[in-house]
Amino acid sequence: MAVELWSGLGGVGLFAAPGLGLTELLPTVRRLPLARRLAYGYLLGMTGVAGTLYALSHLFGVPLRRPAVLTVVALPTVAGLTLFLVRRHRRSRIHRIRGTARRHGVNNAALRAWVRRAGGPLPLLAAAVAAAVGLGVVAQTASNPLTDWDGRMTWCAQALYIRHEGTVDPAVMRDKRWFITHPQYPLLLPVAQVAALEAFAGAPDSHLFRPLYAAFLPVLLLLVYDGARSRAGKNAAALAALSAALVPFFAYGEGSASSSYSDLPLACFFGGAVVLLWRPGRRRSDALAAGVLLAAAVLTKNEGAPLAVLVLALAFWSPIRSHLRQGGRRPGSAAGELARFGAAAAPALLALALLLCWRSGIPNRQDENYFGRLDWSANWPGAVGQVAVFGPVLVARMFSWRDWSAFWWMAPAVLLAGTRALRLPANRRCLIAAAGPPAIGWAAYSVHLDPAYLAQVTWDRFLLQAAVPLLIALAAALNEVLAGTLGSFAGLRPRRKRRAGPEGTERSG
């Protein structure tokens, strides 16, 4: 078991190392503290390694064996390490010239400075709780067998087929006579499983890939903190991340970090793209990184493509509308926004083209075929009546104490109390983005033959997919509530400095 645990942690490093190499190309991400940089690095590494292997296997017939895996991992890792060493050499040379090099020692002043850089006691408390929860999930994945339904039925089964034949186009999936559930589901996470198993010579029934899924939980919490910090401040961002860490479903629910479903990875890819695209400064490198994460979303689940369209539309509608209102008086700004849109959209479009090309050779069977049911004349007239069937199930799932604790009692109250903060364009976009996954679920329930059953087993997972933008909006509303509460307690009107943010938004100081 110990060997498998260390191999599983090595599998996490298999994607984190090249991801850190890729962050060397992103100025804003490169300057983040190590934990948040690791979060983006893990997502970029997962996309870069698994996505590249996906494309190489389907388009060029490259066998998915250890040489191909290690080569794809080594290239960005070595390139990033080289860039890091070059930058470090330049910095040390500048410090020597200026005579500013200092000896590093551990003392009380250094410790206080470290706590101050970390954001204060509340972010440190949130980090400690998140670390404890994450270690618990890793311990669970190392000591218990995989028991979830869809993971064993779909993702792990497809990973076995892929590894056995060394290709993302195994004969068992291309021959319609074989009984396979959801054969056209995107394969990014099964390919990642195969890469980890090949790199560490895992047995066919090995579970060393499970830490790959467990690692997405701390990534999600760090994305929430990073995205909320610029909108709501450190304390509200830490409270939002802390509330997510304490939700039982995120760690142990069906589709959570302790499972092998693709919903938590999709939540991270989708949420990471939201944070990067709406980061202050509007850099093209951030837009390109967001596009890479949207490409991963497209290759992770069927919901990824519509969510990618939603994110791109929300990110670029506001500047386009602003340009139109100005009558085209700033052509340079329009050209810059067009370049950012192209940088974000290009990877997602390439991923969609790869997915469609791969699907073209795989007959669909044993699948719900939701798109085939989207016939207005046949199904949609009864869609309103379906709400009475699945609506009570949605409410029951959200207020399940075992899975969500008090989250859905608290979150709506905070959002209603902080409506003033949610009127800001950036926060309003977060709410719209958070509504995307539940809207997809609602549409599926409206045309399904057994909507109550489908809602029972999938509604929590759609809520999980929406977690990052929802929690960022929650942090903004919470900051408004805390400011008003503290001001009322002191008998004073709350005084908060505001400075202009991108696109005319305001950010709390």
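Keep in mind that what you see is a predicted model, and the values were worked out from it rather than measured.
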Q: Specify the closest pair of heavy atoms between Leu221 and Ala241, including all atoms of both residues, with the distance to one decimal.
A: CD2-O, 3.6 Å
Q: For a quick test of reading the model, state the closest non-hydrogen atom pair linking Leu14 to Val49 and the distance between them.
A: O-CG2, 4.4 Å
Q: Can you give me the closest heavy-atom contact between Leu293 and Leu276, atom names plus distance?
A: CD1-CD1, 3.9 Å
Q: Would you say that more than 12 heavy atoms from the other residues, nucleotides or ligands in this model lie under 6.0 Å from the CZ of Arg31, or not?
A: yes
Q: Testing the basics here: between Trp155 and Pro186, what is the closest heavy-atom pair and its distance to 0.1 Å?
A: CZ3-O, 3.4 Å
Q: For Leu310 and Ile432, which heavy atoms make the closest approach, and how far apart are they?
A: CD2-O, 4.1 Å
Q: So, the side chain of Ser57 versus the backbone of Leu64: is there a donor-acceptor pair under 3.5 Å, distance only?
A: no
Q: Arg66: what forms a side chain to side chain contact (heavy atoms under 4.5 Å, CB included) with it, not counting sequence neighbours?
A: Leu70, Glu198, Ala201
Q: Does a sphere of radius 6.0 Å around CH2 in Trp178 hold more than 12 heavy atoms from other residues, nucleotides or ligands, not counting ones at 6.0 Å or beyond?
A: no
Q: Could you tell me if Arg37 and Thr23 have a donor-acceptor pair between their side chains, going purely by distance under 3.5 Å?
A: yes
Q: Is the side chain of Arg284 donor-acceptor paired with the backbone N or O of Ala343 at a distance under 3.5 Å, no angle test?
A: no
Q: Has Gln184 got a side-chain atom pairing as donor or acceptor with Ile362's backbone, closer than 3.5 angstrom?
A: yes
Q: Taking all heavy atoms of Ala452 and all of Val393, pick out the closest pair and write down the distance.
A: O-CG1, 3.9 Å
Q: Listing request: all side-chain hydrogen bond (donor to acceptor under 3.5 Å, both in side chains) pairs with a residue in residues 458-472, at least two apart in sequence or in separate chains.
A: Asp150-Arg461, Asp263-Arg461, Asp263-Gln465, Glu303-Gln465, Arg397-Asp460, Trp404-Asp460, Tyr445-Thr458
Q: Pair up each side-chain donor or acceptor in residues 38-46 with any protein partner under 3.5 Å, not counting sequence neighbours, and list the distances.
A:
unit_1 : atom_1 : unit_2 : atom_2 : d
Tyr40  : OH     : Asp226 : OD2    : 2.5
Tyr40  : OH     : Arg279 : NH2    : 3.2
Tyr42  : OH     : Leu212 : O      : 2.8

Q: Begin with the C-alpha distance, continue with both residues' side-chain angles, and end with the deciding distance and a verdict on side chain to side chain contact (heavy atoms under 4.5 Å, CB included) for Cys156 and Gln193.
A: CA-CA 8 Å; Cys156 293; Gln193 291 186 33; 3.8 Å; yes
Q: Verify, without hydrogens or angle tests, whether Arg30 (side chain) and Glu24 (backbone) share a donor-acceptor contact under 3.5 angstrom.
A: yes
Q: Quiz question: by atom type and distance under 3.5 Å, do the side chains of Tyr261 and Glu254 form a donor-acceptor pair?
A: yes
Q: Quick one: does Arg365's side chain have a donor or acceptor within less than 3.5 Å of a partner on Pro363's backbone?
A: yes
Q: Quick one: does Arg402's side chain have a donor or acceptor within less than 3.5 Å of a partner on Phe249's backbone?
A: no
Q: Answer yes or no: is there a donor N or O on one side and an acceptor on the other, between the side chain of Thr154 and the main chain of Gly151, under 3.5 Å?
A: no
